[in-house]
2 protein chains.
Amino acid sequence: MADTSFLDPGQLAAYFALMEVSSLLQHAVDQQLREDGGLSYIQFQILATLGETPDEPQRMTDVADRLVHSRSGLTYQVTQMAKAGLLTRAPSSDDERSTMVSATPKGQEVLAQVFPGHVELVRQVLLAPLTRADMDALSDILGRVRAHMRADPPRSAAPRRRSAHDR
Amino acid sequence: MADTSFLDPGQLAAYFALMEVSSLLQHAVDQQLREDGGLSYIQFQILATLGETPDEPQRMTDVADRLVHSRSGLTYQVTQMAKAGLLTRAPSSDDERSTMVSATPKGQEVLAQVFPGHVELVRQVLLAPLTRADMDALSDILGRVRAHMRADPPRSAAPRRRSAHDR
DNA sequence: TATTGTTATACTCTATAACTATA
DNA sequence: TATAGTTATAGAGTATAACAATA
């Protein structure tokens, strides 16, 4: 069995590169969204999620699950965004406990206003130095990691851990 | 010239996979460090930076530059960590304006206490589904992105932007 | 009883600007 | 004048627990 106490240089390099690139990218993306539309990245994600289905409002819980928020955290963001006129809340007709959220025309406007700069930034910061083969390899490798993360949360490494949702 | 308004599916896949994996990884890492040593990821980075050179205290500004902090942000973290006994501050003998920071024995202890679980988590969450070739490809690709990010901040995408350091 | 969502609350973190002191 | 670091302050975000309403 492999020594489990250390990562060899190649493993460390992959880990550090990922952490540093994502940190820089996150930072850059956050600034762009803030400047071009006054949005945080999470607000952008929420808006983008709602913008995909302009006709179909989505449940709070579904949005929260998708974006790994605590419920109260999502309530906070949605409250801010509703104040800003980017989305609206309405009680569900199916289940009166549920709140359905949908992007307003203004929300879609802001999304459209922010999007070109966002795409441009991603292109310049992340994609510019990559070949098509690099991008494919990156999606493939990280896609596998993502599938693994979703399927198999690291219980044995953090046995005391419980997510906000399983109590 | 390529259409600059959209990312094709392959580009989007690479971008989204990176953002989601790093977000999940960041979350998992943060929890592990918090549980095993009461450290945030940034505090871990600071401590790890100081732990590399136990004999050579490092300047506040150098640490801040390396970890992309605002200076006041670093002062805040260092203050917290000094209260917790993880590091100490001392005026520099070379330059009386500077503050030199170094990890205390307790800081090194906490680092050692946190490290095995950290390595184990990274192995399980990030590295488990990857082959050696994947890791090499990942380091190579992201290493190039990192070099590109450091060398060439996205000015044209965010022309109004100034970093906290260039005023 | 379980689930949906909100609220109250407390905490962590970040950034800007003003400030002190040294170079 | 420029640089190093701190402080005051204000704001954004997060999480936990208690809660009301509905299933």
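Just so it is clear: chains get the letters A, B, ... in the order the sequence lines come, proteins before strands, and each one is counted from 1. Heavy atoms only: backbone and side chains are in, while hydrogens, waters and symmetry mates are out.
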Are there any protein N/O atoms within less than 3.5 Å of an N/O atom in nucleotides 10-13 of chain C, and if so, which ones and at what distance?
unit_1	atom_1	unit_2	atom_2	d
dC13(C)	OP1	Ser40(B)	OG	3.4

Check the interface with nucleotides 21-23 of chain D: list each N/O to N/O pair with the protein under 3.5 Å, or write none.
unit_1	atom_1	unit_2	atom_2	d
dA23(D)	OP1	Glu96(A)	N	3.0
dA23(D)	O4'	Arg97(A)	NE	3.4

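Summarising the geometry, the separation between CD on Gln26(A) and C1' on dT14(C) is reported as 14 Å, rounded to the nearest angstrom. Taking atom CG of residue Asp30(A) and atom P of nucleotide dA12(D), one finds them 13 Å apart after rounding to whole Å. If you measure from atom CE of Met60(A) to atom P of dT3(C), you get 18 Å, rounded to the nearest angstrom. Note: CZ (Arg59(B)) to C1' (dT3(D)) measures 9 Å, nearest angstrom.
Across the interface with DNA chain C, nearest-nucleotide mapping of Gly73(B) and Ser98(A) shows Ser98(A) to be the residue nearer the 5′ end. With the nearest nucleotide of DNA chain C identified for both His27(A) and Val78(A), Val78(A) has the one nearer the 5' end.
Judged purely by atom type and a 3.5 angstrom limit, Thr104(B) uses its side chain to pair as donor or acceptor with the backbone of Gly85(B). When atom types are taken as modelled, the side chain of Ser92(B) and the backbone of Asp94(B) share a donor-acceptor pair closer than 3.5 angstrom.
Note on Arg132(B) versus Asp8(A): salt bridge recorded, some NZ/NE/NH1/NH2 to OD/OE distance being below 4.0 Å. Using a cut-off of 4.0 Å between Lys/Arg side-chain N and Asp/Glu carboxylate O, Glu52(B) and Arg66(B) are scored as salt-bridged. Ion pairing between Asp140(B) and Arg144(B) holds under the 4.0 Å rule for side-chain N and carboxylate O.
Side-chain N/O atoms of Glu35(A) and Gln31(A) include no donor and acceptor closer than 3.5 Å. Between the side chains of Asp36(A) and Gln32(A), at least one donor-acceptor pair of N or O atoms lies under 3.5 Å. Remark: the Gln77(B) side chain and the Gln43(B) side chain contain an N/O donor-acceptor pair separated by less than 3.5 Å. Side-chain contact of Tyr41(B) with His27(B): a donor-acceptor pair under 3.5 Å is absent, judged by distance alone.
Using a 4.0 Å heavy-atom distance criterion, Ser72(B) is classed as a base contact. Counting non-hydrogen atoms under 4.0 angstrom, Thr75(B) reaches a base of the nucleic acid. Thr99(B) comes within contact range of the sugar-phosphate backbone alone, with a heavy-atom separation under 4.0 Å but no base atom that close.
Between Arg71(B) and dA4(D) there is a side-chain polar atom (N or O) within less than 4.0 angstrom of OP1 or OP2.
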